[in-house]
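Notes follow the structure.
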Amino acid sequence: MRRTTIAIAAVTAALAVPGIAPAEPHAEPNAEPRWGSSSFEWGSSSGENNSPPAVPGVSLPGGRYEHPVDLTFTAERGATVRYTLDGTTPTADSEAATPGRPLQIAQDTNVTVAAFRGDHASAAVSFGYLIRTSEKPMARVVVMSDVHVGDHANNDKKYESFFDTIGSIFPRPDAILSNGDMINDNGDGKGPDHKIVAEIFRANLARKGMNDTQLLISNGNHDASLAAIRAGYPTEWFPDSGGGYYESDVNGVHLFTVNTETYNNDSAQRNWLKSRLTEITSDSANLTKPILVQGHRPASNTAMDGQQASNPRLTEDLSAFPQAIFFSGHSHLNNNDDRSIHQRDFTSVNDGSMSYIEVDHGYQMVTESGLANRFESPTAQALFVEVYQDRTEINRINMAADKHDIYTGGAWSANWQPPYSSAGTLSGSGWTVELDGSTNQQIKDNFRYTSGARNTNAPEFTTTTPLSVTTGENGATALRIAQAKDDQMVHHYAVEVTDTATGAVVVSSKVLSDFYFMPRPNSLDIPIPDAAAGTAYEARVEAVDAYGNRSPVTTLAFKR
């Protein structure tokens, strides 16, 4: 677990702290309510107002800073600000902000706050802080994929928010990689939609002053054709020479864009990539210098345990080059999961998705209508990459991670609109890729994100009553699971509820922990269908992380 330095409790008052300023210009807030109002002030709780208080304000927006930051909060008169630093939702028992004492953030942290007055609480809002030194990277690169844009109506405001988040972390990124599936073509003539993507991206690059930022696109399976891509964007965004692959220079960092739709059977492309990588790495000065590679589909047997991968030849060809860091999308698999980075002969990283994310199949989600067989969530993620002389730092960022069900009124939709209460939050701790060694084999031997070095720490329940029973407004019975803790994340809960008298299993499910939302709910309610009055039940629950490490079984005997 990352440790965060705190000068206990948070504060109030002004919306700016003298002497503390962002390292570089930051974006304007995505939504005014996130940052509070100068009319907010502290006061004693009178209990006279029975309405929920407004969302607290924060003195410094989330983003990337080159020094520790002191945070102060604002709240309505009579409200108390409470906060968490572990991604959970604040409760009435969470740490209270104290006027006059700042909350100091000295390491990468998500800060979540809510205002409490009497029995009422505001909505929770989260802010992500990346804390760096003044050391300047060679290149700053945003990696996104699976944009899936088809119109302006559902995407204009969303991408304004997304580019505001980009600007809060990298005000002037050297490059933005859009790693395939820019549009939603399924062989149905939507190739012209690339022009809509270009219009949205152009407008936001201009709005944010990112005039010198390279935008570099790869070909995805939903992008219609190479001709459609070329027709939709400026040549410098997709400077291929005919096969959908090309080489770029990003502030002296080599970047290769490959066409994973044809790679396995495209000998010209394979020879080009291997030849160029051999030429670059034959210079001893480049032995420990990273080489970035982007391609839409994952390389086989790498990130996310090889799920949805389809390029064994790419894995084979990159295996001779530990300097390569390969970024892929396509799967929409979330990047919260630490299986998103994989090292064996080179480094592979899963991008996440800018439209909606997925989880492994075979699990259920808790929805408003009960347990559902879901593997999709309408949240969006990207990677922020800083390339230094001796390392590459990769940060996982939520572009939007508010809790929603991807089905609304029975209709599938991933078009949740801003303002987002989670924009710019961290979807996991950062990864540092180091190329340490005097030979390729030594570099590989020093890789840290290998299958053999996987995390073995199991989750644990830390509350005194991890399981309880609750009755909803409709009289339905549910098993309430207080979320367990893990040093990375709890992936799901193995839940079994049996009728004690008959031995019949009434619930048997692997229930996802909602780890893809920010903040996470503190408990999950698992419906017990047709629970009969007076019937005795026993619940057995295990918390399981992404690597399959399991907590001890916790049990609860209860009657309806």
Side-chain angles (χ1 to χ4, degrees), residues 88-89 91 334 336 356-379 402-414 416 459-486 489-517 519-546 548 550-560:
T88 58
T89 303
T91 69
N334 64 92
N336 307 76
Y356 63 90
I357 62 96
E358 295 186 11
V359 296
D360 324 45
H361 294 202
Y363 300 91
Q364 292 188 301
M365 293 183 183
V366 177
T367 70
E368 291 183 0
S369 57
L371 286 181
N373 295 321
R374 297 270 201 281
F375 57 89
E376 301 149 320
S377 173
T379 57
D402 297 22
K403 183 175 173 60
H404 295 295
D405 187 359
I406 205 162
Y407 282 88
T408 307
W412 191 95
S413 173
W416 294 98
E460 60 179 339
F461 290 99
T462 58
T463 60
T464 55
T465 54
L467 303 181
S468 59
V469 175
T470 183
T471 302
E473 293 180 0
N474 59 359
T477 300
L479 174 69
R480 176 163 291 175
I481 302 174
Q483 294 260 29
K485 303 287 187 182
D486 188 68
M489 71 175 198
V490 177
H491 184 270
H492 70 276
Y493 297 92
V495 181
E496 185 174 273
V497 180
T498 58
D499 182 316
T500 305
T502 66
V505 177
V506 296
V507 176
S508 180
S509 179
K510 295 187 292 185
V511 183
L512 292 163
S513 72
D514 282 355
F515 62 81
Y516 29 80
F517 296 130
R520 299 185 304 279
N522 294 316
S523 61
L524 300 174
D525 287 348
I526 313 301
I528 302 173
D530 304 320
T535 302
Y537 298 94
E538 182 182 59
R540 295 171 56 85
V541 178
E542 293 173 284
V544 189
D545 70 12
R550 306 173 81 90
S551 73
V553 176
T554 186
T555 63
L556 177 69
F558 63 96
K559 279 190 176 181
R560 162 73 165 87

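Residues Ala482 and Ser523 approach most closely at CA-CB, 4.2 Å, considering heavy atoms. Contact between Pro459 and Ser551 at its shortest, heavy atoms only, is O-CB, 3.1 Å. A pairwise comparison of heavy atoms in Tyr537 and Ala531 identifies OH-CA, 3.3 Å as the closest pair. The two residues Asp360 and Tyr363 have their closest heavy-atom pair at O-CD1, 3.2 Å. Contact between Ser508 and Val505 at its shortest, heavy atoms only, is CB-CG1, 3.8 Å. For the residue pair Ala543 and Ala484, the shortest heavy atom distance occurs at CB-CB, 3.7 Å.
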Walk me through it: do Met365 and Tyr516 pass the test side chain to side chain contact (heavy atoms under 4.5 Å, CB included)?
CA-CA 11 Å; Met365 293 183 183; Tyr516 29 80; 3.4 Å; yes
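Of the inter-residue distances, the one linking Lys510 atom NZ with His491 atom NE2 reads 9.0 Å to the nearest 0.5 angstrom. To the nearest 0.5 Å, atom OG of residue Ser509 and atom OH of residue Tyr493 are 13.0 Å apart. A distance of 11.5 Å separates CG in Asp499 from CD in Glu538, rounded to the nearest 0.5 Å. For the atom pair CD1 (Ile528) and OG1 (Thr470), the distance works out to 10.5 Å, reported to the nearest 0.5 Å. Taking OG of Ser468 as the start and CD1 of Ile481 as the end, the distance is 9.5 Å to the nearest 0.5 Å. Note that CG of Asn334 is 6.0 Å distant from CE of Met489, once rounded to the nearest 0.5 Å.
Checked by atom type and distance alone, the side chain of Asp514 never pairs as donor or acceptor with a backbone atom of Phe517 at under 3.5 Å. Thr502 places a side-chain N or O within 3.5 Å of a backbone atom of Ala504 that can act as its donor or acceptor partner. Formation of a donor-acceptor pair under 3.5 Å by the Asn522 side chain with backbone atoms of Thr89 is found in this model. Side-chain atoms of Asn373 do not come within 3.5 Å of backbone N or O of Gln364 as any donor-acceptor pair. At distances below 3.5 Å, not a single donor-acceptor pair connects side-chain atoms of Glu376 with backbone N or O atoms of Tyr356.
Side chains of Ser369 and Thr367: a donor on one and an acceptor on the other come within 3.5 Å. Under 3.5 Å, the side chains of Arg520 and Thr88 contain no donor-acceptor pair of N or O atoms.
Put simply, the residue from Leu467, Thr535, Val469 that forms a side-chain contact (heavy atoms from CB on, under 4.5 Å) with Phe558 is Val469.
A heavy-atom distance below 4.5 Å is not found between the side chains of Val506 and Thr498. Counting heavy atoms from C-beta on, the side chains of His492 and Ser513 never come closer than 4.5 Å. Using a 4.5 Å heavy-atom cutoff, the side chains of Val507 and Pro529 are in contact. The shortest distance between side-chain heavy atoms of Leu479 and Asp525 does not fall below 4.5 Å. Side-chain contact between Val544 and Val490: absent, with no pair of heavy atoms (C-beta onward) separated by less than 4.5 Å. Looking only at side-chain heavy atoms (C-beta outward), Val541 and Phe461 come within less than 4.5 Å of each other.
Salt bridge status for Arg374 with Asp405: present, with a side-chain N to carboxylate O gap under 4.0 Å. Taking 4.0 Å as the cut-off between side-chain N and carboxylate O, Glu460 and Lys485 do not count as a salt-bridged pair.
The salt bridge (charged side-chain N to carboxylate O under 4.0 Å, His left out) check on Asp402 picks up nothing, with sequence neighbours excluded.
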